[in-house]
Amino acid sequence: MKSKHFLQFNDFSRAEFEYIFERTRWIKNEFKQYRRYWPLTDRTLAMLFDKQSTRTRLSFEAGMHQLGGSAIYLSTRDTQLGRGEPVEDAARVVSRMVDIITIRTYEHSIVERFAQHSRVPVINGLTDEYHPCQILADIFTFMEHRGSISGKTVAWIGDSNNVCNTWLQAAEVFDFNVHVATPPGYEVEPERAGLYGTDHYEQFASPLEATQDADLVTTDVWTSMGFEDETDLRKADFADFCVDAEMMEIARKDALFMHCLPAHRGEEVEADVIDGPQSVVWDEAENRLHTQKALMEYLLLGNLSG
């Protein structure tokens with residue numbers, strides 16, 4: 001039987017996500033009640049990371065242990081991949097020794113090539129193009145606080161990066177709207193925007209216009225990993241795109257604020273926003289653990305409801 005992978009958000013149907021969120025709620029409650037749940041006893045997760053990580057590494061490693069399995073962290077600098085071993089060869093070998101694999105790397109084509117030659121499920125832990133596990137946690141967090149995200153408006157302020165791209169995919173799956181506000185030259189790539197059409201996505205030059213009546217305002221660092229040489233230029237270009245109290249005030253009264261972290265207070269978000277009453281960033285960060293546990297359970301055991 002061919003393994004199912006989670007490389008982009010739209011790899012799953014809405015029904016599959018709804019099942020995963022149902023399992024997330026149950027798994028999180030068991031965790032909060034200190035009740036042991038070990039469905040993945042004797043299963044092993046391999047984490048192949050090209051990029052630095054705090055939340056992704058910790059949530060996957062802790063999550064696998066909490067499900068009764070074990071996790072092995074491998075930096076590509078410490079493996080033969082760092083010395084030029086073909087991705088296809090590594091996939092064939094690693095997938096014979098473990099049960100599930102998470103990859104955090106640069107080009108999205110790497111995880112696609114790896115999955116194509118893997119005998120076990122592969123999860124995208126982040127690439128330059130997409131970050132599906134982050135949006136899985138973000139949508140679950142929104143649902144915890146405000147119910148269904150369908151028909152809502154998400155305002156994305158800042159760089160049209162991998163997280164933004166994944167929000168666009170999620171909007172198609174869950175039928176909500178994304179307002180993207182970026183400085184000139186940082187808009188969503190035309191070819192990528194074309195994939196999603198205009199039914200669920202709109203580009204704005206003004207962050208205030210984008211946040212008008214939004215149900216959720218979210219952002220990310222201005223300089224993603226791999227673009228560090230552009231830091232000074234980006235600070236100048238994004239100077240008017242810091243999420244502040246004014247932006248939150250013109251959003252809906254009950255609007256939430258999210259940030260995938262790490263955050264730079266005073267750059268992409270003001271301290272009084274990220275540390276304010278509308279911010280749910282800490283719930284959002286914790287939910288990486290719970291949603292990914294449900295994701296791994298689903299990829300390895302399937303739908304347990306029959």
Side-chain angles (χ1 to χ4, degrees), residues 9 17-18 20-29 31-32 53-56 58-59 62-63 126 131-159 161-164 166-171 173-174 176-181 207 210-222 241-295:
F9 198 87
F17 283 118
E18 289 173 347
I20 289 171
F21 290 146
E22 175 187 326
R23 292 301 300 163
T24 299
R25 282 187 286 271
W26 187 87
I27 289 170
K28 183 176 182 177
N29 183 65
F31 176 80
K32 296 295 185 181
S53 173
T54 300
R55 281 149 293 277
T56 299
L58 182 58
S59 55
L126 177 144
H131 197 358
C133 291
Q134 182 63 56
I135 304 308
L136 188 68
D138 290 1
I139 291 178
F140 179 77
T141 304
F142 185 91
M143 292 169 61
E144 279 191 312
H145 287 268
R146 297 290 184 263
S148 173
I149 197 169
S150 298
K152 305 297 186 181
T153 297
V154 175
W156 175 268
I157 310 300
D159 189 21
N161 62 9
N162 50 3
V163 182
C164 175
T166 310
W167 271 116
L168 297 181
Q169 288 192 338
V173 175
F174 282 93
F176 60 87
N177 305 305
V178 181
H179 291 177
V180 179
T211 53
Q212 182 76 43
D213 294 327
D215 299 278
L216 169 62
V217 180
T218 184
T219 189
D220 194 2
V221 296
W222 291 338
F241 286 77
C242 176
V243 178
D244 57 17
E246 183 182 7
M247 292 184 199
M248 297 304 298
E249 284 172 4
I250 65 171
R252 293 181 64 88
K253 186 176 180 180
D254 63 347
L256 300 176
F257 172 78
M258 291 188 190
H259 191 307
C260 61
L261 304 177
H264 300 102
R265 290 166 175 79
E267 290 188 14
E268 73 274 5
V269 61
E270 292 292 355
D272 60 349
V273 172
I274 193 171
D275 299 318
Q278 292 172 278
S279 174
V280 292
V281 297
W282 316 120
D283 292 341
E284 178 189 7
E286 179 189 338
N287 281 334
R288 289 289 303 277
L289 172 69
H290 308 302
T291 52
Q292 288 165 195
K293 287 164 73 173
L295 173 65

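The first residue of the sequence shown is numbered 1, and numbering continues consecutively from there.
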Any ion pair linking Glu286 and Lys32 (charged N to carboxylate O, less than 4.0 Å)? yes

Arg252 and Asp215 ion-paired at < 4.0 Å: yes

Side chain Asp244, main chain Met247, donor-acceptor under 3.5 Å: yes

Specify the closest pair of heavy atoms between Cys260 and Arg55, including all atoms of both residues, with the distance to one decimal. O-NE, 3.6 Å

Go through the steps to decide whether Val273 and Val281 satisfy the test side chain to side chain contact (heavy atoms under 4.5 Å, CB included), and finish with yes or no. CA-CA 10 Å; Val273 172; Val281 297; over 6 Å; no

Just checking, is any N or O donor in the side chain of Glu268 or Thr219 under 3.5 Å from an acceptor N or O on the other one? no

Do Arg25 and Phe21 make a side-chain contact, defined as non-hydrogen atoms from C-beta onward lying under 4.5 Å apart? yes

Does Ser279 reach the main-chain N or O of Asp275 with its side chain, forming a donor-acceptor pair under 3.5 Å? no

Side chain to side chain contact (heavy atoms under 4.5 Å, CB included) between Glu284 and Phe140, intermediate numbers included: CA-CA 8 Å; Glu284 178 189 7; Phe140 179 77; over 6 Å; no

If I compare all heavy atoms of Ala171 with all of Val178, which pair ends up nearest, and what's the gap? CB-CG2, 3.7 Å

Any donor-acceptor pair under 3.5 Å linking the side-chain atoms of His145 with those of Asp254? no

Are any side-chain N or O atoms of Thr166 and backbone N or O atoms of Ile135, one a donor and one an acceptor, separated by less than 3.5 Å? no

Pairing donors with acceptors under 3.5 angstrom, does anything connect the side chains of Glu144 and Asn287? yes

Main-chain N/O of Met258 paired with Thr218 side-chain donor or acceptor, under 3.5 Å: yes

Given side chain to side chain contact (heavy atoms under 4.5 Å, CB included), test Val221 with Glu267 step by step and report yes or no. CA-CA 8 Å; Val221 296; Glu267 290 188 14; over 6 Å; no

Any side-chain heavy atom of Val269 sitting closer than 4.5 Å to one from His259? yes

Less than 4.5 Å apart, side chain to side chain, heavy atoms only: is that true for Trp222 and His264? no

Residue pair Trp156, Val217: steps toward the side chain to side chain contact (heavy atoms under 4.5 Å, CB included) verdict: CA-CA 6 Å; Trp156 175 268; Val217 180; over 6 Å; no

Nearest heavy atoms of Ile274 and Ala263, plus distance in Å: CD1-CB, 3.5 Å

Restricting to non-hydrogen atoms, name the atom on Ser150 and the atom on Phe174 that form the minimum distance, rounded to 0.1 Å. OG-O, 2.8 Å

Tightest non-hydrogen contact, residues Thr153 and Asp213, listed as CB-O, 4.5 Å

Can you tell me if His179 uses its side chain to pair, donor with acceptor, with the backbone of Ala210 under 3.5 Å? yes

Between Thr56 (side chain) and Ser53 (backbone), is there a donor-acceptor pair under 3.5 Å? no

Nearest 0.5 Å, please: how far is CH2 in Trp167 from CD1 in Ile139? 5.0 Å

So does Phe257 get a backbone contact from the side chain of Gln278, meaning a donor-acceptor N/O pair under 3.5 Å? no

Here the pair of heavy atoms bringing Ala214 nearest to Ala251 is O-CB, 3.6 Å

